[in-house]
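Take a look at the structure below.
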2 protein chains.
Amino acid sequence: MPRPPDPARAAARREAVTAAAARLFAERGYENTSVTDLARAAGLSSGSVFYHFPDKRAVFRSLFERDLPQCRELVERSLDTDDPLESILGMVDALGAEALDPTAPGIMVELLRQVDRDPELARIVSENASVLHRGFATLLRRAIESGTVDGGLDPDEAAAWIQAVIDAAFLNAENDTDPRPMLRLIVGRFLAAPTTGKAT
Amino acid sequence: MPRPPDPARAAARREAVTAAAARLFAERGYENTSVTDLARAAGLSSGSVFYHFPDKRAVFRSLFERDLPQCRELVERSLDTDDPLESILGMVDALGAEALDPTAPGIMVELLRQVDRDPELARIVSENASVLHRGFATLLRRAIESGTVDGGLDPDEAAAWIQAVIDAAFLNAENDTDPRPMLRLIVGRFLAAPTTGKAT
DNA sequence: GTCTATACAGGGATAGAC
DNA sequence: GTCTATCCCTGTATAGAC
């Protein structure tokens with residue numbers, strides 16, 4: 001019986017391709033993974049991959065399209081706080097936790113490479129980064145206001161550096177040690193208002 | 001007159017390929033740059049590239065083979081000091097300066113990708129990283145001894161994180177601002193012995 | 001929707017003349 | 001040493017049957 005159109009099943013197969021892509025792109029890299037490789041790993045034919053995705057780049061992008069909602073949610077949750085510094089460190093922890101995913105370093109590196117070569121991908125990740133940036137910068141302003149963060153820092157510049165250090169944690173995550181304690185320490189000390197000198 | 005063998009000229013052409021590779025690999029990525037592209041940019045034929053290099057990967061490796069001596073020199077110079085903390089920050093400055101090279105971010109990302117796929121490349125860069133690591137760790141031990149760096153830090157772990165933060169500067173180098181001031185600030189605060197509490 | 005088959009292009013590396 | 005010509009392979013994407 002020739003299967004009736006089944007959107008649920010189709011979505012599942014699309015998802016299978018995305019999952020295979022996360023693993024294979026991380027292990028072997030984007031260019032060293034053929035669409036046929038993805039198809040085999042996901043249990044379908046290469047022709048079918050091109051039915052579900054317009055081209056190979058779109059498969060890669062699909063890895064990041066699902067991130068934006070989570071990202072917004074994290075920021076919203078974090079903005080609702082009395083202790084902005086602690087909330088910043090909480091965001092750092094949450095983002096650092098993703099570095100525990102064994103595919104994270106590989107995907108991160110591929111992302112850095114591909115983002116300059118696919119404008120649509122650039123749009124997606126820059127939206128993502130903007131959300132985080134605004135979250136960090138807003139919290140930094142509040143924390144500076146309340147005297148828990150060094151007023152000599154520029155909130156936007158500091159936010160960018162926090163994100164850079166988190167990215168570095170991803171790249172450095174080859175070993176399976178949890179980066180979060182050191183990440184928290186580094187960011188915490190970076191931001192801390194000088195204990196000596198001008199208290200409020 | 002059919003030129004006599006001229007090793008100097010040959011070395012110059014080899015060097016031209018390396019220079020073209022730095023630019024093109026950074027701009028377009030390793031896989032998206034063909035040997036023919038490199039050859040054209042360096043002003044010779046693709047056949048000649050394979051005369052000077054055994055294969056394409058060797059061209060990429062040539063970008064890093066020249067780094068090791070500079071690296072050793074930096075560490076040696078830095079170890080000869082009375083103020084180990086200042087010397088660490090000096091190393092950070094020197095390494096951060098390389099991020100000003102406009103090809104640095106692109107090459108950095110390619111390096112991260114290729115290092116898992118070329119054992120010979122891995123050998124080269126791990127030797128490089130080891131030299132730096134030992135330099136940082138040695139200076140950290142001395143600085144902890146003399147009370148200028150937080151004795152609660154593990155020297156090896158801290159050294160690894162300093163290197164990670166420097167990597168972060170490379171990734172963040174899309175804009176043309178000098179990363180060194182912030183780099184120094186972040187590392188300095190990361191390491192600083194707590195001013196309150198136990199003085200020696 | 002999913003497959004098989006294939007068009008079409010491009011790249012790494014080698015051969016051999018000069 | 002340097003070139004040109006080319007072998008051989010692989011990969012993306014499409015066509016068309018089912």
Side-chain angles (χ1 to χ4, degrees), chain A residues 1-21 23-63 110 113-114 117-121, chain B residues 1-21 23-63 110 113-114 117-121:
Chain A
M1 43 187 125
R3 223 182 301 283
D6 181 347
R9 180 186 151 91
R13 302 197 94 189
R14 202 191 127 103
E15 185 54 39
V17 175
T18 300
R23 196 169 55 81
L24 292 179
F25 287 158
E27 276 173 18
R28 312 180 188 172
Y30 178 83
E31 281 93 352
N32 297 314
T33 304
S34 71
V35 175
T36 309
D37 291 336
L38 295 176
R40 247 199 298 276
L44 37 65
S45 75
S46 73
S48 289
V49 173
F50 286 103
Y51 173 81
H52 293 286
F53 298 87
D55 54 25
K56 188 185 174 186
R57 311 191 111 150
V59 180
F60 187 73
R61 284 197 299 268
S62 76
L63 298 177
E110 288 307 312
R113 266 175 49 88
Q114 301 301 332
R117 284 152 208 143
D118 181 352
E120 176 61 12
L121 177 63
Chain B
M1 44 188 124
R3 220 182 305 280
D6 181 349
R9 180 188 151 89
R13 302 197 93 188
R14 202 190 128 104
E15 185 53 39
V17 175
T18 300
R23 195 169 57 82
L24 293 179
F25 286 158
E27 275 172 19
R28 312 181 188 171
Y30 178 83
E31 280 92 352
N32 297 315
T33 305
S34 71
V35 175
T36 308
D37 292 335
L38 295 176
R40 247 198 299 274
L44 37 66
S45 75
S46 73
S48 289
V49 173
F50 285 104
Y51 173 80
H52 292 286
F53 298 88
D55 55 25
K56 189 185 176 188
R57 312 191 108 147
V59 180
F60 188 71
R61 283 196 300 268
S62 75
L63 297 178
E110 287 307 313
R113 266 175 49 86
Q114 301 301 331
R117 284 154 206 141
D118 181 351
E120 177 60 12
L121 177 63

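Just so we're on the same page: letters track the sequence lines, and every chain starts at 1.
At distances below 3.5 Å, at least one donor-acceptor pair connects side-chain atoms of A:Lys56 with backbone N or O atoms of A:Tyr30. With hydrogens and angles ignored, the 3.5 Å screen pairs no side-chain donor or acceptor of A:Tyr51 with any backbone N or O of A:Ser46. Distance alone, capped at 3.5 Å, is enough to place a donor-acceptor pair between the B:Asn32 side chain and the B:Arg28 backbone. A donor-acceptor pair is defined here as one N or O able to donate and one able to accept, closer than 3.5 Å; such a pair exists between the side chain of A:Arg13 and the backbone of A:Gly43.
Rounded to an integer number of Å, the gap from B:Glu31 CD to D:dG11 P is 12 Å. Rounded to whole angstrom, the span from the CZ atom of A:Arg57 across to the P atom of D:dT12 amounts to 12 Å. Rounded to an integer number of Å, the gap from NZ of B:Lys56 to P of C:dA13 is 8 Å. Rounding to whole angstrom units, CG of residue B:Asp55 and C1' of C:dG12 are separated by 9 Å. With rounding to whole Å, B:Tyr30 atom OH is found 13 Å from C:dG11 atom P.
At a threshold of 4.0 Å, the pair A:Glu31-A:Arg113 counts as salt-bridged, since one of the basic side-chain nitrogens sits closer than that to a carboxylate oxygen.
Of the residues in residues 35-53 of chain B, B:Leu44, B:Ser45, B:Gly47, B:Ser48, B:Tyr51, B:His52 come within less than 4.0 Å of DNA chain D through at least one heavy atom, sorted by number.
Among the nucleotides D:dA13, C:dG11, D:dG11, the one closest to any side-chain atom of B:Ser34 is C:dG11. When distances are taken from the side chain of B:Arg13 to each of D:dT2, D:dA13, C:dG12, the shortest belongs to D:dT2.
Between A:Arg14 and the phosphate of C:dG1, there is no side-chain N or O to OP1/OP2 separation shorter than 4.0 Å.
Taken from CZ in B:Phe53 to OG in B:Ser48, the straight-line distance is 11.5 Å, to the nearest 0.5 Å.
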